[in-house]
Amino acid sequence: MLHVLHRSPPPMTTWVPTAYRTHTLGEIQTLGADLIDQIVTVAGFMEANRGKGAICFVDLRDGTGTTQVFLKADNIGAESLDVVQRMTRESTLQFTGTVSLKRPPKVKEGEPTPPPAYEVLATSVEVIARAEAPLPLGVTDTVNVELDTRLDNRFLDLRRAHVNAMFRLRGKVLQFGRQHLITEGFIETHTPKIVATATEGGTDLFPMQYFETPAYLNQSPQLFKQLCMSGGLERVFEIGPAFRAEKHDTYRHLNEFISFDIECSWANDDDVMGVLERMLHHIWKSIAEEEESQGLIATINAYRATQEEEAIEVVVPELPFPRMEYCDAIRIIKEKGGTIEWGDDIDAENSDLLAEDLPQFYFLPRWPMSLKPFYIHHVEGEIGSTDQQLSRGFDLNFGRDEMTSGGQREHRIDVLIDNLKNMELDPEEFEFYVAGFRHGVPPHAGWGLGVERILMKLTGAKNVRETVLFPRDRKRFCP
RNA sequence: GCCCGCUUGGUGUAGAGGUUAUCAUGCAGGAUUGUCAUUCCUGCGACCCGGGUUCAAUUCCCGGAGUGGGCGCCA
């Protein structure tokens, strides 16, 4: 059966000296006591410089932290001091100097003395690249910046501490998700993004030219990961882009997004719901427990405080997640006064009604077959309250928002072909896929999870675009 | 695709048919300071585009462009 192994945390990251620095700024702080009086070379962005007289303080920032560099005309020379004093914010500078204990700040009586901090007493400076002024957006300014301005100048936006922290958290989410699936026996795969035909039907695809032939950007790895099941790979996952040419314009949609997909043999919908909730639980738990992740959350909260926004809190969801079967969801929506009939999709307004009682993760299993794509499995005789055929398809929501859709797949080739015809798709066009079911295939199930949507829930982002480095939406595809 | 907003210095905002167009942040200069979100002084910098109404439009109307939100659909 399933073995979920306990993994010890990865070893501490080591920063090897490079051509431009002997130490990171983070190391100056963490190893400061041992580095006192040693000569070091550091490099980074100049966040601020203070002091116009015979002394000057520079706040220098690199990927590991911030350290103050202290300049005195006696040590560095009047000319270099002047260069630094006239330097623009966000220029990249390289300093050589000695590590020394920073003078402790004046502390009011009764308040605790802060831990010792370290600085670099500079003896020389190299201007690597001077930043043009004014900056299109202030990296350390407390004024709000609109998302559009941020995305137009994303490279500068990324220098802001809370934005940087968000992308580091994104890396963590992928790392912990990947880590969990590997412990459950899944192997990482890649499927093609250039395809000859629609993989699911329904959605609009981006057309492209493949040499002399029209082709498309793939909307989902769905059919290919199923072929992996027919190929006996048994448990696969993929983290990759999906492209959809839908002209939507909302806080939760992108035209290129990263889909976290799995497919699992000898399994039904209930089995893969288990994989999903265990994986999400692992991600949340790891973020809540790991020191580095907590530091990232704290950075985001420090910014939120300046914007008078509520702090985000990583609440580890309890296992198992609640299950709200489609038929029950319809009944409850009706009881709450929502307008819906059995067989309808659950729209945003009605999702809000469900979210009143289920504000976090919950599964919505057993959708009507009529609402699900052709590849979803059904068991004859599993019928809803109106005697209509139910499917083995499910959604995972977080409050009002859909995070995942998944289900057991149809492995019976005759039923598959019927389904295609019933949904007005041509089995001939899907021959590459149907062929995979002709020579024996295990029953299988899987799901696709929107990475950006998960990030929104974890980091409190109000718009998925915030969680993507360079988002592609209806109007934006540059930078 | 449909519905509703918004557009003022680099950034984010206040505001009014006639103003010296507000404030913060920023930028430049100066004073002070081994600073710690320093403080203080001085200065710089803006009404999206086109047309209309009006003695007068950045303000009102129409159109355009850009942008934000909601919906459908989805991850």
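Throughout, protein chains are lettered first and strands after them, A, B, ... in sequence-line order, and every chain is numbered starting at 1. Since the structure is predicted, the reported quantities are computational estimates derived from the model, not experimental observations.
Sorted by residue number, the members of residues 61-76 of chain A with any non-hydrogen atom under 4.0 Å from RNA chain B read A:Gln68, A:Phe70. Contacts with RNA chain B (heavy atom under 4.0 Å) in residues 455-479 of chain A: A:Asn463, A:Arg474, A:Lys475, listed by number. Of the residues in residues 146-153 of chain A, those placing a heavy atom less than 4.0 Å from an atom of RNA chain B are A:Glu146, A:Asp148, A:Thr149, in numerical order. The stretch residues 118-125 of chain A comes close to RNA chain B through A:Glu119, each having a heavy atom under 4.0 Å from the strand.
At least one donor-acceptor pair closer than 3.5 Å links the side chain of A:Thr299 to the backbone N or O of A:Gly295. Put simply, the side chain of A:Arg235 gets close to the backbone of A:Glu184: a donor and an acceptor are under 3.5 Å apart. A:Thr92 places no side-chain N or O within 3.5 Å of a backbone atom of A:Ile128 that could act as its donor or acceptor partner. With hydrogens and angles disregarded, no donor-acceptor distance shorter than 3.5 Å links the side chain of A:Asp152 to the backbone of A:Thr149. With hydrogens and angles ignored, the 3.5 Å screen pairs a side-chain donor or acceptor of A:Asn49 with a backbone N or O of A:Gln85. Under the 3.5 Å distance criterion, the side-chain polar atoms of A:Thr459 are left unmatched by any main-chain donor or acceptor of A:Met166.
Atom-to-atom distance recorded for A:Met273:CE and A:Leu396:CG is 10.0 Å, nearest 0.5 angstrom. If you take NZ on A:Lys225 and OG1 on A:Thr189, they are separated by 9.0 Å, rounding to the nearest 0.5 Å.
Nearest to the side chain of A:Arg252, among B:rG1, B:rC74, B:rG29, sits B:rC74. Considering only the side chain of A:Ala348, B:rC71 comes nearest among B:rA75, B:rC71, B:rG34.
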If a protein heavy atom is under 4.0 Å from the base, mark B; if only from the sugar-phosphate, S; if neither, -; do that for nucleotides 37-47 of chain B going 5' to 3'. -S---------
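Rounded to a whole angstrom, the distance from the C1' atom of B:rU11 to that of B:rG26 is 8 Å. For the P atom pair drawn from B:rC60 and B:rU7, the interatomic distance equals 9 Å after rounding to whole Å. Taking atom P on both nucleotides, B:rC44 is separated from B:rA24 by 15 Å, rounded to a whole Å. To the nearest whole angstrom, the two P atoms, one in B:rC48 and one in B:rU39, are 33 Å apart. Straight-line distance between the P atoms of B:rG68 and B:rU8: roughly 13 Å, to the nearest whole Å. Comparing the same atom, P, in B:rC71 and in B:rG15 gives a spacing of 28 Å after rounding to whole Å. The C1' atoms of B:rA16 and B:rU22 are separated by 11 Å, rounded to the nearest whole Å. Here the separation of B:rA57 from B:rA21, taken at their C1' atoms, is 14 Å to the nearest Å.
Taking a cutoff of 4.0 Å between a charged side-chain nitrogen and a carboxylate oxygen, A:Asp204 and A:Lys247 do not qualify as a salt bridge. For the pair A:Glu310 and A:Arg304, the salt-bridge criterion is not met [side-chain N within less than 4.0 Å of a carboxylate O]. The pair A:Asp141-A:Arg89 meets the salt-bridge criterion, with a side-chain N (NZ, NE, NH1 or NH2) lying under 4.0 Å from an Asp/Glu carboxylate O. The pair A:Lys372-A:Asp395 meets the salt-bridge criterion, since a charged nitrogen lies less than 4.0 angstrom from a carboxylate oxygen. Electrostatic pairing of A:Lys193 and A:Glu238 counts as a salt bridge here, judged by a charged N lying under 4.0 Å from a carboxylate O.
With sequence neighbours excluded, the residues forming a salt bridge (charged side-chain N to carboxylate O under 4.0 Å, His left out) with A:Lys334 are A:Glu341, listed by chain and number. Every side-chain hydrogen bond (donor to acceptor under 3.5 Å, both in side chains) that A:Asp62 has, sequence neighbours left out, goes to A:Arg21, A:Thr64. Qualifying salt bridge (charged side-chain N to carboxylate O under 4.0 Å, His left out) partners for A:Asp401, counting only residues two or more places apart in sequence or in other chains: A:Lys457.
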Can you check nucleotides 6-10 of chain B for protein contacts, nitrogen or oxygen pairs under 3.5 Å, and list what you find?
{"residue": "B:rG10", "atom": "O2'", "partner": "A:Leu135", "partner atom": "O", "Å": "3.2"}
{"residue": "B:rG10", "atom": "O2'", "partner": "A:Pro136", "partner atom": "O", "Å": "3.4"}

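Residues A:Thr96 and A:Thr123 bring no donor and acceptor atom of their side chains to less than 3.5 Å of each other.
The strand RNA chain B forms stems, runs of 3 or more Watson-Crick or G-U wobble pairs with distances below 3.5 Å, at B:1-7 with B:65-71, B:10-12 with B:23-25, B:26-31 with B:39-44, B:48-52 with B:60-64.
In this model, a side-chain donor or acceptor of A:His253 finds a partner on the base of B:rC74 within 3.5 Å. Side-chain atoms of A:Arg453 come within donor-acceptor range of the base of B:rC74, with a qualifying N/O pair under 3.5 Å.
Residue contacts for A:Asp345: at a heavy-atom cut-off of 4.0 Å it reaches the sugar-phosphate backbone alone, with no base atom in range. Within the nucleic acid shown, A:Asp395 has no heavy atom closer than 4.0 Å to any nucleic acid atom. Among the protein residues, A:Arg400 comes within range of the sugar-phosphate backbone only, with heavy atoms under 4.0 Å from sugar or phosphate atoms but none that close to a base. The residue A:Ser259 sits apart from the nucleic acid: no heavy atom pair falls under 4.0 Å. At the heavy-atom level, A:Leu254 lies under 4.0 Å from base atoms of the strands shown. Note on A:Ala133: nothing from the nucleic acid sits closer than 4.0 angstrom, heavy atoms only.
The list of ring pair (Phe, Tyr, Trp, His ring centres under 6.0 Å) pairs with a residue in residues 136-175 of chain A, not counting sequence neighbours, reads A:His162-A:Tyr303. Residues in residues 449-479 of chain A take part in no ring pair (Phe, Tyr, Trp, His ring centres under 6.0 Å) pair, two or more places apart or across chains.
In this structure, the CD1 atom of A:Ile376 is 14 Å from the C1' atom of B:rA75, given to the nearest Å. Per the geometry, NE2 belonging to A:His248 stands 17 Å off P belonging to B:rC2, to the nearest Å. The nearest whole Å value for the distance from the CG atom in A:Leu205 to the C1' atom in B:rC73 is 14 Å.
The nearest heavy atom of RNA chain B to A:Thr250 and to A:Lys102 marks one nucleotide each, and the one closer to the 5' end goes with A:Lys102.
Test A:Asp352, A:Asp357, A:Asn350 against A:Lys336 for side chain to side chain donor-acceptor pair (under 3.5 Å) and you get one pass: A:Asp357. Evaluated for a ring pair (Phe, Tyr, Trp, His ring centres under 6.0 Å) with A:Phe398, the options A:Phe363, A:Phe321, A:Phe361, A:Tyr362 yield exactly one hit, A:Phe361.
Here the two rings, on A:Trp342 and A:Tyr326, have centers that are under 6.0 Å apart.
Contact annotation: A:Thr404 does not reach the phosphate of B:rA75 (side-chain N/O to OP1 or OP2, under 4.0 Å).
Remark: ring of A:Phe57 does not overlap the six-membered base ring of B:rG34 in a stacked fashion, as centroids less than 5.5 Å apart with planes less than 30° apart are not both met.
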Evaluate the salt bridge (charged side-chain N to carboxylate O under 4.0 Å, His left out) criterion for residues A:Lys102 and A:Glu119: first the C-alpha distance (whole Å), next the side-chain angles of each, then the deciding distance (0.1 Å), finally the verdict. CA-CA 6 Å; A:Lys102 204 170 160 185; A:Glu119 65 182 8; 5.9 Å; no
